[in-house]
Amino acid sequence: MVFTQENIKIGIIGLGYVGLPLAVEFGKKYPTLGFDINQKRVDELRAGHDSTLEVSDKELTDIKQLSYSYDKSELKPCSIYIVTVPTPIDEGNVPDLTPLQKASELLGEVVEKGNIVIYESTVYPGATEEICLPIIEKVSGLTFNKDFYAGYSPERINPGDKVNTLTKIVKITSGSTPEVGRFVNELYKSIITAGTHLASSLKVAEAAKVIENTQRDLNIAIINEFAKIFNRLGVDTQEVLDAAGTKWNFLKFKPGLVGGHCISVDPYYLTHKAQEVGYRPEVILAGRRINDGMGEYVATQLVKKLSSRKIHIDEAKILILGFTFKGDCPDVRNTKIIDIVNELKDFNMSVDVYDGWADHEEVKAEYGLLLVSNLIEGNYDGVVLAVDHSEFKDMGVAAIRKLGKANHVLYDVKHVFGTHDSDIRL
């Protein structure tokens, strides 16, 4: 297995928030093929546009060694394959490895002797070797670590973040043999300016990734629990956090809804594997219960406040500002705003949702929800500022309050404005 600059050709499987930025960076140095089963996605990239907004149109058109395809036969000339498909959970919070399994079946059809397959998708420790590689062996007829090799380098993309981009985040790498590990590490080091960290095994790299987001999830969960306590005590949570934050080692997390494709999903991969080997996680699952219940909590708090203002709950009109899982980002995957919507509808309220960042067709297809396109002044009994988009910050609290009726409630979930600007804050 000898790779040189001349015989490296990289195939990226999956062109979403993770795969496309990776393909762009590798395409600056090596012949790279970005593959996705979604023809619409491939067509838009060929036309020079990224609907996820992770890569600018100019940057897309400037990459000369990068091409795109939805035809798997075009992957055959590649020597290194990198898998960046989603790893979701099902309705029972059980890991859904279907995309990963299908990607592995695809690789089994194209991989050849001497090739390296690198997985970036977040999984539980052991999944690459226990689930993915046996599929490639079965389909290809090749033997792992004899005919083909593997690496694992977990993605650390933060959607919508234009500061901490791919090349500026240290990359964890690993290989199925020491030689492969060194090669994978050098490959990523050629594009990652922040540097790399070579883990001793695939399992170590898998475990490192899954605990990153699990730790963050738990930190947010404890702040959410603090918020619930302080709300009962009549104390402003943000003021408490500001005071506590004056100590150098206080971790400055904020309360909020925990959605998206990573933080609200990855802990379930770890707890699934833990229970499989006979250990029942307590702290991790407790944190998940708190964070998964925050949509219902927000809705209940709003209902209580409306009632205290003598606003009739039945058929009250509510406006929710924001639907994506985070601010200034079009990603609506696993957004917890839908939990607020559904809870309020259960109270027989009329709910409008406005979000200039979200794709209306995607929201309708994924959640059955029609976003409104216009904001009407004096129209709502309650306004929920659910996502901290710059658009809402720029509007200011006065303009947002004008959307409400003379007697209305403003709920500032994200603490966008000051302590006394809203009627409720999380």
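When a residue number appears, it is its place in the shown sequence, counting from 1.
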Let's go through Tyr81 and Tyr119 carefully: what are the C-alpha distance in whole Å and the side-chain angles of both, what is the deciding distance for ring-ring contact (aromatic ring centres under 6.0 Å, His included) to 0.1 Å, and is it a yes or a no? CA-CA 8 Å; Tyr81 298 96; Tyr119 287 86; over 10 Å; no

Salt bridge (charged side-chain N to carboxylate O under 4.0 Å, His left out) evaluation trace for Lys336 with Glu296: CA-CA 10 Å; Lys336 297 304 180 181; Glu296 179 182 358; over 6 Å; no

Test side chain to side chain contact (heavy atoms under 4.5 Å, CB included) on Glu239 and Thr419 and set out the steps. CA-CA 8 Å; Glu239 291 189 0; Thr419 304; 3.4 Å; yes

For Ile12 and Ile10, what are the C-alpha separation, side-chain angles and deciding distance, and is it a side chain to side chain contact (heavy atoms under 4.5 Å, CB included)? CA-CA 7 Å; Ile12 309 289; Ile10 299 174; 3.7 Å; yes

Should Asp217 and Val258 be marked as a side chain to side chain contact (heavy atoms under 4.5 Å, CB included) after you check the CA-CA gap, both sets of side-chain angles, and the distance that decides it? CA-CA 8 Å; Asp217 187 47; Val258 183; 3.6 Å; yes

As a quick check of understanding, evaluate side-chain hydrogen bond (donor to acceptor under 3.5 Å, both in side chains) for Glu315 and Ser350, giving each step before the final call. CA-CA 6 Å; Glu315 298 182 354; Ser350 172; over 6 Å; no

From CA spacing to verdict: side-chain hydrogen bond (donor to acceptor under 3.5 Å, both in side chains), Gln238, Asp242: CA-CA 6 Å; Gln238 188 57 54; Asp242 289 342; 2.8 Å; yes

Using the rule given for salt bridge (charged side-chain N to carboxylate O under 4.0 Å, His left out), can you reason through Lys171 versus Glu120, listing the C-alpha separation, both sets of side-chain angles and the distance that settles it, and then say yes or no? CA-CA 11 Å; Lys171 200 82 165 70; Glu120 287 214 3; 3.1 Å; yes

Before giving the answer on salt bridge (charged side-chain N to carboxylate O under 4.0 Å, His left out), spell out for Arg156 and Glu212 the whole-Å C-alpha distance, their side-chain angles and the decisive distance to 0.1 Å. CA-CA 10 Å; Arg156 282 174 158 177; Glu212 287 175 19; 2.6 Å; yes

Apply side chain to side chain contact (heavy atoms under 4.5 Å, CB included) to Val111 and Val117, showing your working. CA-CA 8 Å; Val111 73; Val117 176; 4.2 Å; yes

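To the nearest 0.5 Å, the span separating CG on Asp381 from NZ on Lys317 amounts to 8.5 Å. Note that CZ of Arg289 and CE of Met294 are 15.0 Å apart. Values are rounded to the nearest 0.5 Å. In this structure, CD1 in Ile191 is found 5.5 Å from CG in Leu166, a value given to the nearest 0.5 Å. For the atom pair Leu187 CG and Ile118 CD1, the distance stands at 5.5 Å (nearest 0.5 Å).
The closest donor-acceptor contact from the side chain of Asp352 to the backbone of Ile320 lies at 3.5 Å or more, if one exists at all. Judged purely by atom type and a 3.5 angstrom limit, Ser308 uses its side chain to pair as donor or acceptor with the backbone of Lys305. Side-chain atoms of Asp423 come within 3.5 Å of backbone N or O of Leu410 as a donor-acceptor pair. Side-chain atoms of Thr165 never come within 3.5 Å of backbone atoms of Lys162 as a donor-acceptor pair (strictly under, hydrogens ignored). Checking side-chain atoms of Asn334 against main-chain N and O of Gly260 turns up a donor-acceptor pair under 3.5 Å. Of the possible polar contacts, one joining the Thr193 side chain to the Thr167 backbone as a donor-acceptor pair under 3.5 Å is found. Judged by distance alone, the side chain of Ser176 and the main-chain N or O of Tyr149 form no donor-acceptor pair under 3.5 Å.
Taking the side chain as every heavy atom from C-beta outward, Val384 and Val413 approach each other to under 4.5 Å. No side-chain heavy atom of Asp62 sits under 4.5 Å from any side-chain heavy atom of Lys28. At least one side-chain heavy atom of Ser264 sits less than 4.5 Å from a side-chain heavy atom of Arg288. No side-chain heavy atom of Leu369 sits less than 4.5 Å from a side-chain heavy atom of Lys364. Counting heavy atoms from C-beta outward, Ile376 and Leu403 have side chains that stay 4.5 Å or more apart. Counting heavy atoms from C-beta outward, Cys132 and Gln101 have side chains that stay 4.5 Å or more apart. By the 4.5 Å heavy-atom criterion applied to side chains, Lys9 and Tyr30 are not counted as neighbours. With contacts defined as side-chain heavy-atom distances shorter than 4.5 Å, the pair Leu218/Ile220 does not qualify.
Under 3.5 Å, the side chains of Ser140 and Glu109 contain no donor-acceptor pair of N or O atoms. One side chain, Asp161 or Asn164, offers a donor N or O that lies under 3.5 Å from an acceptor on the other. In the model, Ser422 has no side-chain atom that pairs as donor or acceptor with a side-chain atom of Asp412 under 3.5 Å. Checked by atom type, the side-chain pair Asp71/Ser69 shows no donor-acceptor distance below 3.5 Å. A donor atom on one side chain and an acceptor atom on the other are not found under 3.5 Å apart for Tyr68 and Glu44. A donor and an acceptor atom, one from each side chain of Tyr354 and Ser373, are nowhere located under 3.5 Å apart. When only modelled atom types and interatomic distance are considered, Tyr152 and Glu206 share no side-chain donor-acceptor pair under 3.5 Å.
When all heavy atoms of Cys262 and Asn213 are compared, the closest pair comes out as CB-ND2, 3.4 Å. Closest approach of Gly34 and Leu66 over heavy atoms only: N-CD1, 4.1 Å. When all heavy atoms of Leu426 and Asn231 are compared, the pair lying nearest together is C-ND2, 4.4 Å. The minimum heavy-atom distance linking Arg425 with Asp236 is given by the pair NH2-OD2, 2.9 Å. Here the shortest heavy-atom pairing between Leu15 and Ala23 reads CD2-CB, 4.4 Å. The shortest non-hydrogen separation linking Asp36 to Asn38 is OD1-N, 2.9 Å.
Ring-plane geometry between His261 and Phe325 is classed as perpendicular, the angle between the planes exceeding 60 degrees on a 0 to 90 degree scale with a lower cut at 30.
Note on Glu276 versus Lys273: salt bridge recorded, some NZ/NE/NH1/NH2 to OD/OE distance being below 4.0 Å. A salt bridge is defined here as a Lys NZ or Arg NE, NH1 or NH2 lying under 4.0 Å from an Asp or Glu carboxylate O, and Lys393 with Asp328 fails to meet this definition. Here Arg401 does not pair with Asp421 in a salt bridge; the nearest charged N to carboxylate O distance is not below 4.0 Å.
Applying the side-chain hydrogen bond (donor to acceptor under 3.5 Å, both in side chains) rule to Thr324 yields the partners His389; only residues at least two apart in sequence or on another chain are considered.
Taking a 6.0 Å sphere around NZ of Lys76, one finds it holds more than 12 heavy atoms contributed by other residues, nucleotides or ligands.
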Between side-chain atoms of residues 223-230 and protein atoms elsewhere (two or more places apart, or another chain), which donor-acceptor pairs fall under 3.5 Å?
from   : atom 1 : to     : atom 2 : distance (Å)
Asn224 : OD1    : Gly256 : N      : 2.8
Asn224 : ND2    : Gly256 : O      : 3.0
Asn224 : ND2    : Asn291 : OD1    : 2.8

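Checked against a 6.0 Å centroid threshold, the rings of Tyr268 and Tyr124 do not count as neighbours.
Note on residues 366-388: pairs passing ring pair (Phe, Tyr, Trp, His ring centres under 6.0 Å), not counting sequence neighbours, are Phe323-Tyr367.
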